[in-house]
Protein chains: 4
Amino acid sequence: MPRSKEENDRVRQLAQENIRTSAMQVFIEKGYYNASIADIAKRAGVSKGLLYNYYKGKEELLGDMVQSRIEEIEDVMQKAAALGTPSEQLKHIIDGAIDNVLHHPKIYRFYLHLQTQPEEDLLLSRYSQMLNEEMARQFQLQCEMFRKLGVPDPEIRSLHFSSAIHGISLMISTYPEHYPVRQVKEQLFRDFCVTE
Amino acid sequence: MPRSKEENDRVRQLAQENIRTSAMQVFIEKGYYNASIADIAKRAGVSKGLLYNYYKGKEELLGDMVQSRIEEIEDVMQKAAALGTPSEQLKHIIDGAIDNVLHHPKIYRFYLHLQTQPEEDLLLSRYSQMLNEEMARQFQLQCEMFRKLGVPDPEIRSLHFSSAIHGISLMISTYPEHYPVRQVKEQLFRDFCVTE
Amino acid sequence: MPRSKEENDRVRQLAQENIRTSAMQVFIEKGYYNASIADIAKRAGVSKGLLYNYYKGKEELLGDMVQSRIEEIEDVMQKAAALGTPSEQLKHIIDGAIDNVLHHPKIYRFYLHLQTQPEEDLLLSRYSQMLNEEMARQFQLQCEMFRKLGVPDPEIRSLHFSSAIHGISLMISTYPEHYPVRQVKEQLFRDFCVTE
Amino acid sequence: MPRSKEENDRVRQLAQENIRTSAMQVFIEKGYYNASIADIAKRAGVSKGLLYNYYKGKEELLGDMVQSRIEEIEDVMQKAAALGTPSEQLKHIIDGAIDNVLHHPKIYRFYLHLQTQPEEDLLLSRYSQMLNEEMARQFQLQCEMFRKLGVPDPEIRSLHFSSAIHGISLMISTYPEHYPVRQVKEQLFRDFCVTE
DNA sequence: GATGAATGAGTGTTCATTCAT
DNA sequence: GATGAATGAACACTCATTCAT
């Protein structure tokens with residue numbers, strides 16, 4: 001007795017989800033090049049063959065991860081944009097970025113690693129480019145916010161803002177303990193989100 | 001008649017230098033895992049065998065690179081420490097860091113990539129750790145400078161300073177063009193190197 | 001539809017058996033160091049990759065061979081021990097040893113070759129040691145038999161017995177033809193298995 | 001000022017002797033295949049290049065060793081043949097063989113190892129054949145001795161004699177300690193060198 | 001004679017990917 | 001859909017041998 005179409009779909013969804021999650025774990029632990037397909041399949045508790053039924057290969061798995069990372073970022077940005085004042089919007093970005101690093105430093109680390117992939121790595125540079133482009137989109141939205149905030153030179157301001165957040169994120173992910181997160185957030189807020 | 005010892009030493013030095021330089025180029029272009037020994041040897045115009053006469057393997061080549069990177073950083077820090085006032089010292093660090101990224105964005109990128117290696121990459125994590133430790137040493141020296149500068153909470157200040165520099169460096173290396181370097185340097189100077 | 005577990009096991013058994021047998025042939029023909037993995041795989045009609053699915057490497061293949069050789073010897077010893085009189089027991093050892101060399105002189109040669117591996121061959125000395133230890137075990141069992149036989153100095157007697165058998169085996173394996181096997185067996189029996 | 005011809009020859013002789021001796025040591029320690037030319041040259045304290053001036057390669061070095069081994073054996077046989085009675089002759093062979101193993105068990109081991117080289121090892125089988133042929137020559141001479149001794153079936157007797165000596169040698173070289181050498185020699189003498 | 005830098009063919013090993021079942 | 005046996009290309013590394021000096 002064959003499964004119904006819906007049930008089949010659900011099985012597919014679950015299997016795919018399972019594989020993707022396992023791949024993320026293994027990539028984050030061992031890095032893309034050290035993660036073998038066998039590792040991922042074993043982690044997911046499926047056969048290598050099945051993995052290839054759902055994903056064309058290792059690269060596509062990474063592509064999925066990058067895609068969902070980008071969606072995550074865009075989600076934060078959209079939620080921010082929906083807020084009333086530019087000050088609140090920027091604060092939301094600060095919180096989103098810092099909390100994310102704080103709770104998942106290894107994930108931040110992984111994507112930064114990917115983002116800094118050598119440009120001529122023909123296999124992966126595509127993904128670092130996608131991430132960088134997302135950063136650029138984020139930058140544009142921030143510019144708009146700073147413009148509304150009424151600061152002079154909103155582009156420069158946005159650049160400073162991004163630099164500050166990335167610098168702090170890097171430091172947090174490198175030394176995850178003892179980082180005075182609250183203070184830093186407040187400092188960022190004072191420096192960037194208010195006009196005297 | 002065999003070559004004299006000195007002559008031989010010179011030949012060895014040159015060959016080694018040549019190989020190291022080529023390895024750097026290839027690593028930076030293609031990344032560690034995509035750079036094959038054959039690539040490096042070809043780039044150096046040398047046989048694979050000779051490469052192994054001078055280096056035990058791929059890893060040692062990377063080790064050499066990391067070592068010289070660390071020495072480069074320590075050199076900047078020592079030159080800074082030798083200056084008269086904490087203000088000048090910090091300014092020297094700013095200049096050293098920013099100019100370095102500006103002139104060799106790919107090299108900065110490469111080492112940041114290495115630094116963000118997943119921790120369980122047994123092969124490379126050793127090197128990311130070495131780089132992180134160097135960053136920690138740098139941090140300690142900076143604390144001292146801020147202390148002399150007479151700011152309250154010099155540790156927090158040093159943390160902010162490092163975050164700022166790393167953030168900016170990351171942005172510069174990602175978008176090497178159009179970055180308002182002079183302005184940023186001046187801003188950093190105003191933010192961190194003077195006491196009102 | 002995947003193969004059933006049992007079917008898969010059978011396939012694995014067959015493949016493994018095939019590889020092991022081919023490895024034995026190639027090792028015996030060309031020697032361990034001259035037998036390349038490619039040789040063995042080709043002989044087995046199998047890809048190099050598959051070989052590594054079943055064996056961790058060249059050394060493990062040899063390990064398997066040594067293991068089964070030891071089991072072969074212990075089998076003869078056990079069968080001997082199960083016999084009624086010491087005289088019969090020793091006769092069984094003589095027959096087992098001589099017949100084995102006679103029917104597979106090259107195999108005897110191979111293991112003797114392995115047993116005489118230079119002690120500092122870090123790779124192989126482990127296996128020569130295992131074989132020597134088996135010989136020592138055999139020696140102990142023989143001592144017991146001679147003791148039951150009621151000879152004076154059973155240890156010395158066992159030593160002579162082993163020396164004689166090894167000497168004869170070496171000669172047979174070196175000059176496999178024309179060796180007066182029956183006579184020699186009878187002589188050994190008269191010399192060692194009876195008490196006047 | 002060029003060296004005189006004689007002096008030159010002497011230098012050559014010494015250098016060659018030095019290399020040959022070192023090669024023997026290294027071969028005996030690590031085995032032929034694990035001994036690299038670099039090892040041998042280092043042990044001899046000369047450059048790889050010089051080694052190739054005197055020997056065409058690794059194989060020729062081994063050839064030299066085998067040659068001198070054969071001469072050693074023939075020397076014992078000639079000294080034996082020069083003695084007055086067959087009984088004394090055989091005793092001399094016993095002493096020569098056993099004492100040799102006793103004093104240099106590793107060397108015996110090495111040559112037995114070489115002798116048991118797989119027949120299809122195209123590189124080394126030539127040498128194992130040379131050694132086996134020498135053993136055959138020795139066998140012929142022994143036959144003559146046994147004939148003179150007046151035993152029936154001197155060929156069979158010689159075969160037994162060789163088997164006994166090889167068996168004992170193998171045991172001594174494998175368990176160099178505690179072997180009751182004197183007793184064994186006496187037993188051999190009683191078994192083979194006297195007629196009742 | 002003497003050196004050791006340089007070569008390159010050969011080998012063991014890994015792993016993404018395919019496909020018969 | 002699901003499996004895992006099987007493949008083979010790619011790679012790191014070794015070492016006997018050559019030759020310019």
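Small disclaimer: the values here were computed from a predicted structure and weren't measured.
Rounded to a whole Å, the CZ atom of B:R12 is 16 Å from the P atom of E:dT3. For the pair D:Y55 OH and F:dT18 P, the computed distance is 17 Å after rounding to whole Å.
Between B:D121 and A:K30, no side-chain nitrogen of the basic residue sits less than 4.0 Å from a carboxylate oxygen of the acidic one, so the salt-bridge criterion is not met.
A residue-by-residue look at B:G45 and C:G57 shows that B:G45 has its nearest nucleotide of DNA chain E further toward the 5' end.
Residue contacts shown for C:N53 include a base, since a base heavy atom lies under 4.0 Å away. The residue A:Y54 sits close only to the backbone: its heavy atoms come under 4.0 Å of sugar-phosphate atoms, none of a base. Within the 4.0 angstrom heavy-atom criterion, no nucleotide atom of any strand lies near D:A15. Using a 4.0 Å heavy-atom criterion, one finds that A:A35 contacts the sugar-phosphate atoms exclusively. C:G49 comes within contact range of at least one nucleobase, with a heavy-atom separation under 4.0 Å.
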A:R20 and A:Y54: side-chain hydrogen bond (donor to acceptor under 3.5 Å, both in side chains), yes or no, with the steps?
CA-CA 10 Å; A:R20 186 169 50 238; A:Y54 291 115; over 6 Å; no
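Distances shown here put a side-chain N or O of C:Y52 below 4.0 Å from the OP1 or OP2 atom of E:dT13. A sub-4.0 Å separation between OP1 or OP2 of F:dG4 and a side-chain N or O of A:K48 is absent. Side-chain nitrogen and oxygen atoms of B:R3 include none within less than 4.0 Å of the OP1 or OP2 phosphate oxygen of E:dA5.
Closest to the side chain of C:E7, from the set F:dA16, E:dG1, E:dT21, is E:dT21.
A donor-acceptor contact shorter than 3.5 Å links the side chain of B:R109 to the backbone of A:Q117. At least one donor-acceptor pair under 3.5 Å links the side chain of D:N18 to the backbone N or O of D:A44.
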